[in-house]
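Single-structure report; data block below.
Values below: all heavy atoms of this structure, side chains included; hydrogens, waters and symmetry mates excluded. A quick note: this is a predicted structure, and the numbers were derived from the prediction, not measured. Numbering of ligands and ligand atoms starts at 1, following listing order.
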Amino acid sequence: MSTTLAAPQPLLALDGISLSFKGVKAITNISFAVNEGEICALIGPNGAGKSSLLNVINGVYKPDEGSIRYQDAVRRAMHPQWAARRGVARTFQNIALFKGMSVLDNVLTGTNLKVKSSWLEQVFNVGRAPADALAQRQKAERVIAFLKLQPWRNSIVGSLPYGLQKRVELARALAAEPQLLLLDEPMAGMNADEKAEMSRFIRETNREFGTTIVLIEHDIGVVMTLSDHVVVLDYGKKIGDGTPDEVRANPEVITAYLGTKH
Ligand SMILES: Nc1ncnc2c1ncn2[C@@H]1O[C@H](COP(=O)(O)OP(=O)(O)OP(=O)(O)O)[C@@H](O)[C@H]1O
């Protein structure tokens, strides 16, 4: 008897997305799908529209045209709270952490979405609040251990080197137990060793939790080894979409972005 493996299903599908700022087009008619469990890289030169697209996916920007399917719902636009409650988490190009707080406290802020207790229960630490607090703490500690951040769990984030701050940002996003993780240049400003380490953490997150990941990255070497799927943007338009090998061989991508054959 033969068994057939189920084809991967898109978790996210963008259909004809366009976005402009005061009449200036940042994204023009972009469509692509991200399969459940894949690592998808968005690449393209500065100003190509990559960050704007992440902001469309998590609902911060409302597209002028098009629709987005996430899980089983098709919407004209995502809404940030709706997206967050359905498992979309993101990190930012410029680290957005509470710099005066400890690593543990920053990671704890990522666990807030799933609390069951009311605001009043939390203020007086009664009812469901103590169980929530314990569960949040355990979740944060698990993520800190997973990303090997224990030596710095009580350190003030602002005092840490840049590469570690980026890892703390990843930890906070993972504490929300995302189904779809959006990473905006997770390796920006890192040296080769730090990039290799961050790549490992991203791959382990994907494998261990099955998290679907969409990331923006400028280092083509990293993109080609880390990603299952690459989408290439140029001046707000999609010029490539496929496996790393397909994108590498795409003449339009070579001309517009890669410059030379790699
Ligand atoms: N909030 C905004 N207001 C006005 N214009 C914007 C805004 N955000 C982005 N843009 C413009 O939209 C275009 C796409 O920008 P975006 O930041 O999405 O590109 P990017 O590919 O992420 O670039 P980078 O690699 O430099 O981060 C650019 O021309 C940018 O100037």
Side-chain angles (χ1 to χ4, degrees), residues 12-34 39-68 70 76-81 83 88-97 162-163 165-166 169-170 173 180-192 194-195 198-199 202 212-227 229-242 244 247-248 250 252-260 262:
L12 173 78
L14 277 65
D15 185 11
I17 296 291
S18 294
L19 171 76
S20 49
F21 296 103
K22 297 195 176 119
V24 179
K25 278 219 156 179
I27 297 173
T28 307
N29 193 24
I30 291 205
S31 305
F32 65 91
V34 179
I39 299 181
C40 173
L42 291 181
I43 67 169
N46 290 335
K50 306 178 298 293
S51 295
S52 299
L53 209 46
L54 283 199
N55 279 328
V56 167
I57 295 171
N58 76 345
V60 170
Y61 291 162
K62 311 276 171 247
D64 308 323
E65 291 167 47
S67 62
I68 304 178
Y70 175 64
R76 276 281 294 116
M78 298 283 264
H79 184 280
Q81 233 176 347
V88 181
R90 78 166 286 179
T91 66
F92 295 85
Q93 200 171 333
N94 302 309
I95 294 168
L97 290 166
Y162 184 79
Q165 291 192 27
K166 291 290 253 189
E169 217 194 359
L170 175 62
L180 175 63
L181 179 60
L182 310 174
L183 303 176
D184 197 342
E185 299 197 29
M187 285 159 258
M190 290 187 175
N191 63 34
E194 289 171 331
K195 280 184 186 180
M198 183 54 107
S199 292
I202 292 172
T212 305
I213 297 174
V214 177
L215 62 93
I216 297 174
E217 180 50 49
H218 283 285
D219 185 323
I220 293 299
V222 168
V223 166
M224 294 298 175
T225 52
L226 186 59
S227 319
H229 175 192
V230 182
V231 174
V232 191
L233 306 184
D234 192 28
Y235 292 108
K237 295 187 177 145
K238 188 178 88 171
I239 60 166
D241 185 347
V247 162
R248 203 187 263 126
N250 177 331
E252 204 179 343
V253 175
I254 293 167
T255 309
Y257 182 64
L258 298 175
T260 55
H262 283 239

Legend entry - For Leu183, the option from Ile202, Ile216, Ile39 that meets side chain to side chain contact (heavy atoms under 4.5 Å, CB included):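 Passing option: Ile202.
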Legend entry - Criterion side chain to side chain contact (heavy atoms under 4.5 Å, CB included) against Val88, the qualifying member of Val214, Leu12, Thr212, Leu182: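 Passing option: Leu182.
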Inset, instruction - Return the minimal non-hydrogen interatomic distance between Gly221 and Asp219, and the atom names on each side. - result: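 Shortest heavy-atom contact: N-OD1, 3.0 Å.
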Legend entry - Close side-chain approach of Met187 to Glu194, heavy-atom, < 4.5 Å: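 No; the side chains remain at least 4.5 Å from each other.
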Legend entry - Worked check of side chain to side chain contact (heavy atoms under 4.5 Å, CB included) between Ile213 and Leu226: CA-CA 11 Å; Ile213 297 174; Leu226 186 59; over 6 Å; no
List of N/O pairs, ligand 1 versus protein, all under 3.5 Å?
residue: ligand 1; atom: 1 (N); partner: Tyr61; partner atom: OH; Å: 3.3
residue: ligand 1; atom: 18 (O); partner: Ser52; partner atom: N; Å: 2.9
residue: ligand 1; atom: 18 (O); partner: Ser52; partner atom: OG; Å: 2.6
residue: ligand 1; atom: 19 (O); partner: Gly49; partner atom: N; Å: 3.1
residue: ligand 1; atom: 21 (O); partner: Ala48; partner atom: N; Å: 3.1
residue: ligand 1; atom: 21 (O); partner: Gly49; partner atom: N; Å: 2.9
residue: ligand 1; atom: 21 (O); partner: Lys50; partner atom: N; Å: 2.9
residue: ligand 1; atom: 21 (O); partner: Lys50; partner atom: NZ; Å: 2.8
residue: ligand 1; atom: 22 (O); partner: Ser51; partner atom: N; Å: 2.8
residue: ligand 1; atom: 22 (O); partner: Ser51; partner atom: OG; Å: 3.0
residue: ligand 1; atom: 23 (O); partner: Gly47; partner atom: N; Å: 2.8
residue: ligand 1; atom: 25 (O); partner: Asn46; partner atom: OD1; Å: 3.2
residue: ligand 1; atom: 25 (O); partner: Lys50; partner atom: NZ; Å: 2.8
residue: ligand 1; atom: 25 (O); partner: His218; partner atom: NE2; Å: 3.2
residue: ligand 1; atom: 26 (O); partner: Asn46; partner atom: OD1; Å: 3.3
residue: ligand 1; atom: 27 (O); partner: Gln93; partner atom: OE1; Å: 3.4
residue: ligand 1; atom: 27 (O); partner: Gln93; partner atom: NE2; Å: 3.4

Acceptor/donor pairs from residues 51-63 side chains to any protein atom, 3.5 angstrom cut, sequence neighbours excluded:
residue: Ser51; atom: OG; partner: Gln93; partner atom: OE1; Å: 3.3
residue: Ser51; atom: OG; partner: Asp184; partner atom: OD2; Å: 3.0
residue: Asn55; atom: OD1; partner: Arg90; partner atom: NH1; Å: 2.4
residue: Asn58; atom: OD1; partner: Val60; partner atom: N; Å: 3.4
residue: Lys62; atom: NZ; partner: Gly59; partner atom: O; Å: 2.9
residue: Lys62; atom: NZ; partner: Met78; partner atom: O; Å: 3.0

